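Because only heavy atoms are used, hydrogens play no part in the values below, and waters and symmetry mates are left out as well, while side chains stay in. Chain A is the first sequence line, chain B the second, and so forth, proteins listed ahead of strands; every chain is numbered from 1. Since this is a predicted model, take the numbers as computed values, not measurements.
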Amino acid sequence: DAKTTQPPSMDCAEGRAANLPCNHSTISGNEYVYWYRQIHSQGPQYIIHGLKNNETNEMASLIITEDRKSSTLILPHATLRDTAVYYCIAGKGGNNRLAFGKGNQVVVIP
Amino acid sequence: GAVVSQHPSWVICKSGTSVKIECRSLDFQATTMFWYRQFPKQSLMLMATSNEGSKATYEQGVEKDKFLINHASLTLSTLTVTSAHPEDSSFYICSAAGSGEKLFFGSGTQLSVL
């Protein structure tokens, strides 16, 4: 699996959009970009994933650069409940393993 | 969405005893499940890949005789921590692939070995 790089932590203002960056410069053509988040003492929660095109669902939007070397997860209106560790993962998915990096500790501030 | 159920949520046991953790895919069949462990303030570490009807594949450094994995059906995988010791205390998490590329996770099991 390609390695991903995220900032170790960031603060976001409640009610504002939160933009979470991720670099995955060695991603291969058949690897997806996945985003999960983990709230303390819980299992990771799936947020969104994409291959080439930008994706949007009820939780977030995923913007992938044209060269696929980086992506941004956008939480449109951050709430206090969005405080969590966010993991960006590059992997083939399905029955293939996903390897977690250190993640980005996001704190939403009132 | 797909649901992965994990039990128990937490368990406390004495050193030397064995503990079994169950992972079930509730509304889908999973030929492959994954087991992770997580120490405080650290990321998830993949322990093993569990394949239905065959032997599990363990990551380097994970003792297969200590962490027994059984995947006897398409909806159930179990992890047994044998002869548990305090250093085995950790948060154990299972996951399973639903349809498509998504991987869904259980809620985790906090194991404390006294």
Side-chain angles (χ1 to χ4, degrees), chain A residues 1-9 22 27-53 55 57-60 62 64 71 83-107, chain B residues 1-7 9-10 21 23 25 28-52 54 56-60 62 71 74 77 90-112:
Chain A
D1 298 338
K3 182 180 177 182
T4 61
T5 303
Q6 299 176 254
S9 64
C22 180
I27 193 169
S28 61
N30 61 353
E31 287 184 315
Y32 295 83
V33 178
Y34 291 86
W35 283 86
Y36 286 83
R37 71 181 183 184
Q38 185 179 28
I39 297 171
H40 182 63
S41 298
Q42 296 182 24
Q45 177 189 21
Y46 168 84
I47 301 173
I48 199 167
H49 77 287
L51 186 62
K52 295 181 181 178
N53 300 322
E55 302 288 344
N57 63 20
E58 65 278 3
M59 291 184 68
L62 173 60
I64 303 174
S71 61
T83 292
V85 178
Y86 286 76
Y87 294 97
C88 168
I89 305 166
K92 297 176 184 176
N95 289 331
N96 298 291
R97 48 179 273 179
L98 290 182
F100 283 71
K102 296 182 179 180
N104 179 0
Q105 172 66 67
V106 173
V107 176
Chain B
V3 176
V4 176
S5 175
Q6 188 173 341
H7 292 280
S9 299
W10 56 271
I21 302 170
C23 180
S25 55
F28 65 99
Q29 293 183 330
T31 56
T32 303
M33 292 185 177
F34 302 93
W35 288 95
Y36 295 79
R37 66 188 296 182
Q38 184 176 33
F39 293 107
K41 298 186 179 180
Q42 294 188 21
S43 185
L44 283 77
M45 291 173 41
L46 181 65
M47 297 176 66
T49 301
S50 168
N51 299 296
E52 187 268 334
S54 64
T57 303
Y58 292 82
E59 295 298 304
Q60 189 174 9
V62 177
H71 194 158
L74 288 172
S77 176
S90 187
F91 192 54
Y92 293 87
I93 309 166
C94 71
S95 66
S99 60
E101 308 86 27
K102 297 179 186 178
L103 197 61
F104 296 96
F105 287 80
S107 54
T109 298
Q110 181 63 53
L111 170 63
S112 296

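- Heavy-atom neighbours of M59(A) CE from other residues, nucleotides or ligands within 6.0 Å: above the threshold of 12.
- Interface residue Q38(A): only side-chain heavy atoms are found under 4.5 Å from chain B.
- In this structure Y58(B) satisfies the ring-ring contact (aromatic ring centres under 6.0 Å, His included) test with no other residue, sequence neighbours excluded.
- For V85(A), the side chain to side chain contact (heavy atoms under 4.5 Å, CB included) test picks out Y87(A), Q105(A), with sequence neighbours left out.
- For the residue pair C22(A) and Q6(A), the shortest heavy atom distance occurs at SG-CG, 4.1 Å.
- Residues of residues 36-44 of chain B that come within less than 4.5 angstrom of chain A, heavy atom to heavy atom, are Y36(B), Q38(B), Q42(B), S43(B), L44(B) in numerical order.
- Screening C23(B), S95(B), C94(B) for a side-chain contact (heavy atoms from CB on, under 4.5 Å) involving M33(B) leaves a single residue, C23(B).
- Here the side chain of T4(A) pairs a donor or acceptor atom with the backbone of C88(A) at under 3.5 angstrom.
- For the pair L98(A)/F34(B), no side-chain contact is recorded, criterion being any heavy-atom separation below 4.5 Å from C-beta on.
- Residues H71(B) and E52(B) meet the side-chain proximity criterion, which asks for heavy atoms closer than 4.5 Å.
- Between chain B and the options H49(A), H40(A), K102(A), the largest number of non-hydrogen pairs under 4.5 Å is found for H49(A).
- Looking only at distances, a side-chain donor or acceptor of Y36(A) sits under 3.5 Å from a matching main-chain atom of L103(B).
- The contact list for residues 27-35 of chain A toward chain B, using heavy atoms and a distance under 4.5 Å, reads Y32(A), Y34(A) by residue number.
- I47(A) and N57(A) make their closest contact through O-ND2, 2.7 Å (heavy atoms, listed as atom of the first residue, atom of the second, distance).
- Looking at I93(B), the atoms closer than 4.5 Å to chain A (heavy atoms on both sides) all sit in the side chain, from C-beta outward.
- In terms of non-hydrogen atom pairs under 4.5 Å with chain B, the most contact-rich of A99(A), G91(A), P44(A) is P44(A).
- Within the 4.5 Å cutoff, no side-chain heavy atoms of T31(B) are placed close to those of N51(B).
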